[in-house]
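See structure below.
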Amino acid sequence: MRFSILSKGDQKSDVIKGRMQQYLEDFSLVYDEKEPDLAISVGGDGTFLEAFHRYQHRLEDTAFIGVHTGHLGFYADWLPDEIEKLIIEIAKNPFEIVEYPLLDIIIHPASKGETKQFLALNEASVKSADGTVVMDVLIKGAHFERFRGDGLCISTPSGSTAYNKALGGAIIHPALNAYQLTEMASINNRVFRTIGSPLILPKHHICELKPLHHEKSFLITVDHNTDSYSNIDTIECRVSEKKIRFARFRAFPFWKRVHDSFISDER
């Protein structure tokens, strides 16, 4: 089996990466950063997102597993004091595959220009670089509302515990092929109206965000990467046909993950 390891870059994570690489190679596994069967993330959720985007072009061939050394470890199953056990599991035992839904974000230009497509594990957000975001929201091609406010967040089920949760969105189990649209500080008064609640959309419902002014610039963040875009006709959001594959050597139920991340008193 071929494997790669991505470290957060701090001393603790680099030491763990070095130990894991040495021991796994001693078990005759092959270190391959280009085409790994297993991508190991050592750090926090940011490191895991970086690993995902590094190998998003080969999701059917690469599975992911995380070792938690950072401040957040929602995607990490293993702790530093469990490294020896994890190494033996990887070297000796086949892993179970657990798949989670992903999000497609497609930016269609208003005039001549390149259509840009992105894949998100957590979420995408749309904000304005210079004032209020004003966009028409269409669901399945039908106008739903005209949004005015600070921005919109579109999240996957696994990403529903991240920025979406901070905005007051619902937590969705990743067994559901769905995604969520959550408002950021919408303007609601006698003149302007939005739904004011997060929307959970099934896979076959495509959501389109259409800016009223094509020349306006928007800050679009996909997971941990932010860029500025203008000349936008439509931002198309939908559940992707692709999925991320997690390597599981032991059960770690989603609701236990949520409990341990947000409710448990253990540190």
Side-chain angles (χ1 to χ4, degrees), residues 8 41 43-53 66 68-77 100-105 118-135 137 139 144-145 147-188 192 194-201 207 209 218-229 235 237-240 244 246 252-267:
K8 180 182 177 182
S41 163
D45 283 347
T47 311
F48 193 96
L49 288 171
E50 186 178 346
F52 164 74
H53 284 280
H68 168 39
T69 64
H71 296 296
L72 291 174
F74 191 84
Y75 287 118
D77 291 351
Y100 280 10
L102 299 170
L103 182 70
D104 279 333
I105 299 294
F118 303 94
L119 197 62
L121 173 58
N122 266 3
E123 77 278 303
S125 65
V126 181
K127 300 179 181 179
S128 174
D130 52 1
T132 301
V133 171
V134 183
M135 288 185 164
V137 178
I139 299 175
F144 179 76
E145 69 177 11
F147 173 84
R148 290 176 173 83
D150 286 355
L152 292 162
C153 175
I154 310 97
S155 63
T156 66
S158 55
S160 67
T161 60
Y163 190 23
N164 168 78
K165 181 178 180 299
L167 294 170
I171 295 178
I172 305 176
H173 194 285
L176 300 176
N177 268 326
Y179 64 108
Q180 186 167 181
L181 180 69
T182 305
E183 300 177 356
M184 304 177 198
S186 59
I187 298 172
N188 282 284
F192 304 131
T194 67
I195 193 66
S197 299
L199 301 177
I200 299 173
L201 305 175
C207 177
L209 310 177
F218 295 93
L219 295 175
I220 300 178
T221 300
V222 179
D223 287 337
H224 56 310
N225 298 313
T226 302
D227 280 305
S228 178
Y229 298 90
I235 303 170
C237 313
R238 64 188 183 194
V239 176
S240 177
I244 184 173
F246 292 94
F252 198 169
F254 177 76
W255 295 120
K256 174 174 172 50
R257 196 180 295 264
V258 172
H259 173 271
D260 290 353
S261 296
F262 300 111
I263 299 174
S264 176
D265 291 330
E266 297 181 10
R267 296 290 184 264

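Side chains are part of it too, since the values below use all heavy atoms of this structure and drop only hydrogens, waters and symmetry mates.
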### Task
Check the pair Leu199, Phe144 against side-chain contact (heavy atoms from CB on, under 4.5 Å), reporting the backbone distance first and the verdict last.
CA-CA 11 Å; Leu199 301 177; Phe144 179 76; 3.7 Å; yes
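- Between Phe74 and Phe254, the angle of the ring planes goes over 60°, which puts this pair in the perpendicular group of the 30/60° scheme.
- In this structure, OG on Ser125 lies 9.0 Å from CG on Leu167, to the nearest 0.5 angstrom.
- Ile220 places none of its side-chain heavy atoms less than 4.5 Å from the side chain of Asp227.
- Shortest non-hydrogen contact noted between Gly159 and Glu123 is O-OE1, 4.2 Å.
- For the pair Ser228/Phe218, no side-chain contact is recorded, criterion being any heavy-atom separation below 4.5 Å from C-beta on.
- Ala185 pairs by the side chain to side chain contact (heavy atoms under 4.5 Å, CB included) definition with Asp150, not counting sequence neighbours.
- You'll find the side chain of Phe147 stays beyond 4.5 Å of the side chain of Leu209, heavy atoms only.
- Minimum heavy-atom separation, Val222 to Leu119: CG1-O, 3.7 Å.
- Interatomic distance, His68 NE2 to Phe48 CZ, rounded to the nearest 0.5 Å: 14.0 Å.
- Ala170 and Gln180 get closest at one heavy-atom pair: N-OE1, 2.7 Å.
- Partners of Asp77 according to the side chain to side chain contact (heavy atoms under 4.5 Å, CB included) rule, which considers only residues two or more places apart in sequence or in another chain, are Arg248, Phe252, Arg257.
- For Ala175, the side chain to side chain contact (heavy atoms under 4.5 Å, CB included) partners are His173, not counting sequence neighbours.
- The two residues Gly44 and Ser41 have their closest heavy-atom pair at O-OG, 4.2 Å.
- The two residues Pro101 and Pro174 make their nearest non-hydrogen contact at CD-O, 3.1 Å.
- Partners of Arg148 under the side-chain hydrogen bond (donor to acceptor under 3.5 Å, both in side chains) rule, at least two apart in sequence or in another chain, do not exist in this structure.
- Phe118 CZ to Leu103 CG: the interatomic distance, rounded to the nearest 0.5 Å, is 12.0 Å.
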### Message
Applying side-chain contact (heavy atoms from CB on, under 4.5 Å) to Cys153 and Met184, what does each step give before you reach the verdict?
### Response
CA-CA 7 Å; Cys153 175; Met184 304 177 198; 3.9 Å; yes
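- Side-chain atoms of Asp223 come within 3.5 Å of backbone N or O of Asn122 as a donor-acceptor pair.
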### Message
Would Thr47 and Asp45 count as a side-chain contact (heavy atoms from CB on, under 4.5 Å) here? Give the steps.
### Response
CA-CA 5 Å; Thr47 311; Asp45 283 347; over 6 Å; no
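- In this structure Lys8 satisfies the side-chain hydrogen bond (donor to acceptor under 3.5 Å, both in side chains) test with no other residue, sequence neighbours excluded.
- Closest non-hydrogen pair, Ser158 versus Tyr75, comes out as OG-OH, 3.2 Å.
- Between Ser160 and Lys165 there is no side-chain heavy-atom pair separated by less than 4.5 Å.
- Annotation: side chain of Leu152 is not in contact with side chain of Lys127 (no heavy-atom distance under 4.5 Å).
- Checked against side-chain hydrogen bond (donor to acceptor under 3.5 Å, both in side chains), Thr194 has the following partners two or more places apart in sequence or in another chain: Glu183, Ser186, Asn188.
- Of the inter-residue distances, the one linking Ile171 atom CD1 with Trp255 atom CH2 reads 6.0 Å to the nearest 0.5 angstrom.
- Scored by the ring-ring contact (aromatic ring centres under 6.0 Å, His included) test, His259 finds no partners at all (sequence neighbours excluded).
- With sequence neighbours excluded, the residues satisfying ring-ring contact (aromatic ring centres under 6.0 Å, His included) with Tyr100 are Phe246.
- Taken to the nearest 0.5 Å, the CD1 atom of Ile200 stands 11.0 Å off from the CG atom of Leu181.
- Qualifying side-chain hydrogen bond (donor to acceptor under 3.5 Å, both in side chains) partners for Thr226, counting only residues two or more places apart in sequence or in other chains: Thr221.
- Asn225 is linked by a side chain to side chain contact (heavy atoms under 4.5 Å, CB included) to nothing, counting only residues two or more places apart in sequence or in another chain.
- Summarising the geometry, atom CD1 belonging to Ile105 is positioned 5.0 Å from atom CD1 belonging to Ile154; distances are rounded to the nearest 0.5 Å.
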